[in-house]
Amino acid sequence: MSDSQRINNLFALVTIVLMSIVIMIYVKYVPKDEKPKLNSGLECQKDVICFEKVFDEALLKDGLALLNKGDYEILGGLTSAKYMSPVLETKITVEQSDIMFKEAINIPQNDNPQKYLTISYQLIENDKLDPNKKSNSPNCKLYAGYILTSFQINGVQFFRMQIDFNTYEIDEIKKRINCTIEAFKNYEK
């Protein structure tokens, strides 16, 4: 065997050993891609699609403190279907859903607080005939609508949650509102 072949064999062996070491380090110490966490995993979030996101931990703590003192306001809205016959507006009003939010919070609301938490929500009907629907999946036509809730202090959103409701029944919508407040309060722990 010539000297050049020995050098080539040595370099090949060194390369194999180095690559083996790099692969072992990579497998042992590089974290695996985990499935992203969509919500808190509360029991009430398991039977529907639910997304939540914390944007600011410090404001979240302030928001929880304000809520517990009763320093909050509720701003609601309703978005009906445009391409199909709207059903949501015949089943519930903003005033009714405001009451459901207050019942879920279960803390008396203070009048004219200096600083307050704004709970802004929208009941949005699933417009099953909308030609601009992002997904052609049959699953996107199963639910009746969703509630998009934003928690803000001084106009800065720090927590948001979106939760589907499967039917237009008042009890179903109330259950999802309760879940929204439960998910928010869950961050006190």
Are the side chains of [X] and [Y] in touch, meaning some heavy atoms are under 4.5 Å apart?
X	Y	result
Leu67	Ile119	yes
Ile153	Phe158	yes
Thr90	Val87	yes
Met84	Glu125	yes
Ile177	Ile147	yes

Sub-3.5 Å donor-acceptor pair from the side chain of [X] to the main-chain atoms of [Y], do we have one?
X	Y	answer
Asn110	Pro113	no
Asp127	Tyr83	yes
Ser97	Thr93	yes
Gln45	Gly41	yes
Asp164	Tyr146	no

Phe159 ring center near Phe184 ring center (under 6.0 Å):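 Phe159 vs Phe184: aromatic centres under 6.0 Å.
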Compare every heavy atom of [Y] with every heavy atom of [X], then report the nearest pair and how far apart it is.
X	Y	result
Ala183	Leu42	CA-CD1, 3.5 Å
Met161	Cys50	CE-SG, 3.3 Å
Tyr72	Lys102	OH-CG, 4.4 Å
Asp56	Ala58	OD1-N, 3.0 Å

Could you walk me through whether Tyr187 and Glu57 pass side-chain hydrogen bond (donor to acceptor under 3.5 Å, both in side chains), step by step? CA-CA 9 Å; Tyr187 285 94; Glu57 294 279 341; over 6 Å; no
Pick from Asn178, Asn166, Leu88: which one makes a side-chain contact (heavy atoms from CB on, under 4.5 Å) with Ile173?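 Exactly one option meets the side-chain contact (heavy atoms from CB on, under 4.5 Å) with Ile173, and it is Leu88.
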Would you mind telling me which of Leu123, Ile181, Thr180 makes a side-chain contact (heavy atoms from CB on, under 4.5 Å) with Thr149?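 Result: among Leu123, Ile181, Thr180, Thr180 is the only option passing the side-chain contact (heavy atoms from CB on, under 4.5 Å) with Thr149.
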State, without any angle test, whether Ser120 and Gln152 hold a side-chain donor-acceptor pair at a distance under 3.5 Å.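 Short answer, no.
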Is there a donor in the side chain of Glu73 and an acceptor in the side chain of Gln109, or the other way round, less than 3.5 Å apart?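 Distance-only check fails for Glu73 and Gln109.
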Quick one, Asp71 with Leu117, criterion side chain to side chain contact (heavy atoms under 4.5 Å, CB included). Give me CA distance, side-chain angles, the key distance, then yes/no. CA-CA 6 Å; Asp71 294 341; Leu117 165 69; over 6 Å; no
Could you measure the distance from the CZ atom of Phe151 to the CZ atom of Phe55? Nearest 0.5 Å is fine.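 Between atom CZ of Phe151 and atom CZ of Phe55 there are 12.0 Å.
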From CD (Gln122) to OG1 (Thr79), nearest 0.5 Å: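 Those atoms lie 3.5 Å apart.
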Test: [X] and [Y] ion pair at under 4.0 Å:
X	Y	answer
Asp47	Lys175	yes
Lys46	Glu43	yes
Glu103	Lys174	yes

More than 12 heavy atoms of other groups within 6.0 Å of Lys185 NZ: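 Atom NZ in Lys185 is crowded, with more than 12 foreign heavy atoms closer than 6.0 Å.
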Please identify which of these residues, Arg160, Gln162, Gln157, meets the side-chain hydrogen bond (donor to acceptor under 3.5 Å, both in side chains) condition with Ser150.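 So, applying the side-chain hydrogen bond (donor to acceptor under 3.5 Å, both in side chains) to Ser150 and each of Arg160, Gln162, Gln157, only Gln157 qualifies.
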For Tyr121, enumerate each residue passing the ring pair (Phe, Tyr, Trp, His ring centres under 6.0 Å) test, keeping only those at least two apart in sequence or located in another chain.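 Counting only residues at least two positions away or on another chain, Tyr121 forms a ring pair (Phe, Tyr, Trp, His ring centres under 6.0 Å) with Phe101.
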Residues in ring pair (Phe, Tyr, Trp, His ring centres under 6.0 Å) with Phe165, at least two apart?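 Phe165 satisfies ring pair (Phe, Tyr, Trp, His ring centres under 6.0 Å) with no residue once adjacent residues are dropped.
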Among residues at least two apart in sequence or on other chains, which ones pass side-chain hydrogen bond (donor to acceptor under 3.5 Å, both in side chains) with Glu182?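 For Glu182, no residue satisfies side-chain hydrogen bond (donor to acceptor under 3.5 Å, both in side chains) once neighbours in sequence are set aside.
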